[in-house]
Structure formats: structure tokens, C-alpha cells
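Here is the structure we will look at.
Heavy-atom basis, side chains included; hydrogens, waters and symmetry copies ignored. Positions are given from 1 along the sequence.
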Amino acid sequence: MDLSHVPAAREKGWYLALMAPNTKGPNYAWLDPSRLYCHPQGLQDCVADLLQPFQGDPIDLVAGIDAMGFILGAAVATALRKGFLAIRKAGHLCVETLSEPYTDYSGREKVMEVRTDTISPGLRVLLVDQWVETGGTMRAAIRLVERLGGVVAGVAAVCIEDSEGARWIRERYKCAHCVPPRLQPRFDRHQTGWE
């Protein structure tokens, strides 16, 4: 796909077609969003769609989840003119951290950590990740923010699937994602062909 092409009609989610399906097998995510992030208008429209539900909401800080959430989170933070905090997989931060175990979308046990000197009590944090599939990674990030006394102002991702863990998040936090309702069932089943 031409990374400079912008369709005449830009409906919510038009940029999802920029994502490439997995060609390497089951150990990888089912879609790669790299081309979406490379497309200037696609990235801008994705960020605008994610922020639309939070217009007027108090947000003090944006936190992105390791690793692809860093790209989208930094773009969201820039659009909001807010700071950006990286929530990392364990072992990457050289300062004092708070850790939280979790199970990721592939069923692997992992640990996430955040520096302890950035989130103060009452700080309103918008959590951003590329994808919420089972919800395990996002729930660990939520726990880290809340354990430090922060308030989760919302959750934003390119896609929030209809899983038990994602429903738990949606029931408790304001959420935004980019998948139009008519396409949600295809994304929940990891089916391409929505262009």
C-alpha cells in the first residue's frame, strides 16, 4: 500500500487496512501495525480517534506499555501536550521500580514494572497500548498505576477485543479504540479482509 495515499473519505478506522497480517506463524501477533505508524495521516487519524472520547477529560500523563504501546502512547502524549511514561517489561529500568506479574495474550508469564518516582497520588493517567486481546497486560499496567496512587483516566488501544479480560476493563474504565462496530467481530476472530 502506498504510504502517501490518503483516501478521499476518511471514516473512523480507514487506516486499519494499512496493517499487515502475520506471515510468520502462531508465535507472532496476528497483525503488524508498523505501516499504520509509518503513514502520516493514518497515524494522525488513529490518534484523533483514540482521543475523541476523552475530549475535555482531565489527563495529567500518558503511559505506554512495552513495547508497541510506546509508539502510540508517545504520539498520544504529544497530541495532548502531556508527558509520557514507559511501563516496561521487567529488567529494563535502572531506577527503583514497582513490579507486577501478568500473563500475556500468548499465555506466557511475565513481569511488568514502572519507575516509582513519576506517578503521585491522584495523578490521572491515560494508559495506551497497541492492542488489548486478553486484557492481562493492560490489567497489570492498571494495577501498577493504582498501586502508586494514580487514577486511570482511561484506556486506549488500536483494538480492544471482546474477551473476558477486555470486558472486565471496559466495565471499570473509560475506553477508546479504533475498530468500527461493524468490523469488531472480524477483529475478535482475527480475520482480515475488512478493507
Is there a side chain to side chain contact (heavy atoms under 4.5 Å, CB included) between Tyr15 and Gln41 once you walk through the steps?
CA-CA 8 Å; Tyr15 41 80; Gln41 191 64 57; over 6 Å; no
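- For the atom pair His5 NE2 and Leu18 CG, the distance stands at 9.5 Å (nearest 0.5 Å).
- The CH2 atom of Trp168 sits 5.5 Å away from atom CD1 of Ile142, with the distance rounded to the nearest 0.5 Å.
- Counting only heavy atoms from C-beta outward, the side chains of Ile119 and Val145 approach each other to under 4.5 Å.
- Considering all non-hydrogen atoms of both residues, Ile169 and Cys175 come closest at CG2-SG, 3.9 Å.
- Of all the heavy atoms in Asn22 and Gly25, the pair that sits closest is ND2-O, 2.6 Å.
- Two different hydrophobic clusters hold Met68 and Met138 under the rule that ILVMFWY side chains link at heavy-atom gaps under 4.5 Å.
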Decide yes or no on side chain to side chain contact (heavy atoms under 4.5 Å, CB included) for Met112 and Asp66, but give the supporting numbers first.
CA-CA 9 Å; Met112 188 176 298; Asp66 201 338; over 6 Å; no
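- Here the closest non-hydrogen pair linking Trp14 and Asp45 is NE1-OD2, 2.8 Å.
- Across all their heavy atoms, Phe54 and Ala156 have their closest contact at CE1-CB, 4.4 Å.
- Each of His190, Arg167, Arg189, Gln184 was compared with Glu161 under the side chain to side chain donor-acceptor pair (under 3.5 Å) criterion, and only His190 meets it.
- The CE atom of Met19 lies 13.5 Å from the NE2 atom of His39; values are rounded to the nearest 0.5 Å.
- Using a 4.5 Å heavy-atom threshold, the side chains of Arg115 and Leu85 count as touching.
- For the atom pair Leu144 CG and Glu100 CD, the distance stands at 5.5 Å (nearest 0.5 Å).
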Quick one: do Arg124 and Lys82 satisfy side chain to side chain contact (heavy atoms under 4.5 Å, CB included)? Show the steps, please.
CA-CA 11 Å; Arg124 297 185 55 81; Lys82 300 296 179 183; over 6 Å; no
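- The hydrophobic clustering, which links ILVMFWY residues whose side-chain heavy atoms are closer than 4.5 Å, places Leu61 and Val76 apart.
- Smallest separation of non-hydrogen atoms from Ala166 and Val132: CB-CG1, 4.1 Å.
- In this structure a side-chain-to-backbone donor-acceptor pair under 3.5 Å is present from Ser163 to Glu133.
- With rounding to the nearest 0.5 angstrom, the SG atom of Cys178 is 7.0 Å from the CG atom of Leu72.
- Residue Val151 is not grouped with residue Val114 when hydrophobic side chains (ILVMFWY) are merged at heavy-atom distances under 4.5 angstrom, including chains of intermediate members.
- Taking hydrophobic clusters as Ile, Leu, Val, Met, Phe, Trp and Tyr residues chained together by side-chain heavy-atom distances below 4.5 Å, Trp131 shares a cluster with Leu43.
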Apply side chain to side chain contact (heavy atoms under 4.5 Å, CB included) to residues Leu126 and Leu80 and explain how you reach the verdict.
CA-CA 11 Å; Leu126 177 61; Leu80 288 174; 4.2 Å; yes
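- The side-chain heavy atoms of Leu16 and Pro180, taken from C-beta on, include a pair separated by under 4.5 Å.
- Residues Tyr37 and Val158 form a side-chain contact, since some pair of their non-hydrogen atoms from C-beta on lies under 4.5 Å apart.
- Closest of all the heavy-atom pairs between Leu50 and Ala157 is CD2-O, 3.2 Å.
- Cluster annotation: Ile87 is connected to Ile160 through the hydrophobic network of ILVMFWY side chains, with a link wherever side-chain heavy atoms come within less than 4.5 Å.
- Relative orientation of the Trp30 and Phe187 rings is perpendicular, given thresholds of 30° and 60° on the angle between their planes.
- Note that NZ of Lys12 and CZ of Arg10 are 15.0 Å apart. Values are rounded to the nearest 0.5 Å.
- Using a 4.5 Å cut-off on side-chain heavy atoms (C-beta onward), His177 and Arg170 make contact.
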